[in-house]
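Some notes on the structure that comes next.
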Amino acid sequence: APPPATTPSSAYAAERDRLRAEIAVSEHGELRLAFMDSLRRLAEANGDRDTAQLMEIERIFATHDDAAIDASLDALNAVRSRVRPQASPELREALERVYGNLYFDVGHFGLALEHQLEALKWAKRLPSGSRQATLYRLGTIAELYNAMERPDDALRYADMGLAMAAPPADASVNPVSLLGARAMALLQLGRTVEAKRALDEAGRIDARGAPGFNTLRIAANRAALELATAPPAEAMRAVERLRQLAERQDNAYYRTRADLLRGQARIAAGDVAEGLRGMREATASFERRGQMIDVLDGLDREIHALRRQSAWPEAVASLERRQAIWSHLFRSEQTRAIAELEARQRAEAQEQRIASLAAQVRLERAQVRAERLRMALFAALALLAACIAGLLSLSRRRAHRERDRLSHAVRHDPLTGAFSRYEFQVRASAATPERDAGKSVLLLDVDEFKAVNDAYGHAAGDAALKAVVDRLRQAMGDGDAIYRWGGEEFLLVLAPRNDAALARDLRALRRAVANAPVAWEGGAFAITLSGGAVRHPLAAGWQGSLSDTIRWADAAMYAAKHAGRDRIVQVRLTPQGIDALAGHRPIDMAQLQDWERQGFVRIEDRDDNGRSDVG
Ligand SMILES: Nc1nc2c(ncn2[C@@H]2O[C@H](COP(=O)(O)OP(=O)(O)OP(=O)(O)O)[C@@H](O)[C@H]2O)c(=O)[nH]1
């Protein structure tokens, strides 16, 4: 017999509330499903269609398989077709929420958003627990906007929820997912410090209870944050923490998520091949389970990481794969039209991205080419410059050598190696009276040289001139210099020395030549020199130059010739002359002879000892 109208309903209500409480506390698994089925049957038996349908809907959500989402959507559509227009807000909310969640899970953001916003409206009208349901919706919508890369909207909804959850909210309100959504929105907006703060707060709140699903969620968010902001090594540590937590809670989803992020960290650390392999394994695993939002997120991360590593071909391949997944995401009749519309929109956006990426690749390649060209040009220029510098230095060295050679040529007599007359002039023009003071000039002329040429030939004459210079050089002091003054005439500039030394050296010079005959064609011939010597300046206080003094040496040399050759005659001041001629400059030969007559100078042969052949 049917139970009485009143008693059963109150008994039913009590049993319903008990089962709902059981469902609420049993988070997952078979037990929860069993409670849901009990409640559904009970509700059906009691004519409570809303509750029965609600349990159907919750069962669809609890058991849905992302990999076979169409079946779940079909089942959901079947329930919806039975929902009465005047159904309870609770049923409405559940229907929209589950639609929203299913679409969200498979990455169908547009439809998911529509349903979640609808669910939010109903959540606000719930007679009980409206606050908690509203907060959950706000968190989900924020996450959805994050997935849609609309961080401003995500932040708006997350903050709306956080404002509601702010004290004095009741303790049952859990803002962790809202804080996570806020953090991910801020991360997208580049406000990383605030993002980190939000995650820290979420971590603190979560740490008050036992580690659970939220702990994993926070760890995953943290890993994502570190990946975007921290060095690869730090990001890797965050990823490993997530991986350990997932292991401890035996959570396959977050395990795969950790694998995905680990791959990304590897790519970021430069290990592109290994990282990419890890990421592709993780996305393949998500794909097998139909978690298309994670597949797409994985591909996004892949593309991002590859672009950062400039692995362009891999990045383009990932982009194309992402586009392909988008266009094949929805196959069922009932969603194809909408899905295609959306897929087309996304595809267009993706095509634009591919086009811009391709343009970027082209640009980068062009830049690389330009850079290479620039480097090549630079290298060529550097080579050219080096060549020119080399040539210049070579030619400079050559020029130097040539200059040195020429300078040596003009400074020296090619036959005897004595300095040239030109060299004397160069030195004389650079000389100062102080530098030349005390030196003596000695002009030497080979005696009867014409006869040597005539008797033995011009070559013998040349040999004689060379022999003269060689022998004079041997007898000269270090500070003395010899110049070829004319044909067979030589000028010696002798360093300062006292009278006795000068007389001794003049004698030695003359003898060096006279005592050593010139070997010629098996025999030898003797040569002698006649010379005139004058100390410079002739008289004290005289501002004349060496060239002036040479004129008096010339006069003395003629005196030597005149006196019979093979001798050196010296012009000397007498004691009277020292005072009388001070500051005077001899002008010509006549004046010199005049001074000689007056007894101011003597033109005398001081080398009268040991002469053998002349007298
Ligand atoms: N072999 C040779 N002879 C030269 C050179 N320069 C000048 N002579 C010769 O030297 C001779 C100089 O003769 P002279 O000026 O008459 O005087 P000398 O024969 O030396 O007689 P005295 O000077 O009076 O003792 C000339 O026959 C020139 O041709 C030279 O470089 N080589």
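Remember, it's 1-based here, ligands and their atoms both numbered in the order they're listed.
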- Note on the structure: By chain and number, the residues contacting ligand 1 below 4.0 angstrom (heavy atoms only) are Asp445, Val446, Asp447, Glu448, Phe449, Lys450, Asn453, His458, Gly461, Asp462, Leu465, Arg484, Gly487, Glu488, Lys561, Arg565
- Note on the structure: Applying side chain to side chain donor-acceptor pair (under 3.5 Å) to Gln244 and not counting sequence neighbours gives none
- Message: I'd like to know if Glu302 and Arg322 make a salt bridge, using a cut-off of under 4.0 Å between side-chain N and carboxylate O.
- Response: no
- Task: Answer yes or no: is there an ion pair linking Glu274 with Arg277, defined by an N-O contact shorter than 4.0 Å?
- Result: yes
- Message: Quick test of your reading: applying side chain to side chain donor-acceptor pair (under 3.5 Å), list the pairs with at least one residue in residues 467-496, sequence neighbours left out, ordered by first then second residue.
- Response: Asp413-Arg484, Arg427-Tyr483, Asp480-Arg497
- Item | Inter- and intrachain pairs under salt bridge (Lys or Arg N to Asp or Glu O under 4.0 Å), touching residues 518-543, at least two apart | Asp499-Arg535
- Query: When you check the side-chain N and O atoms of Asp447 and Ser530, is any donor under 3.5 Å from an acceptor?
  - Reply: yes
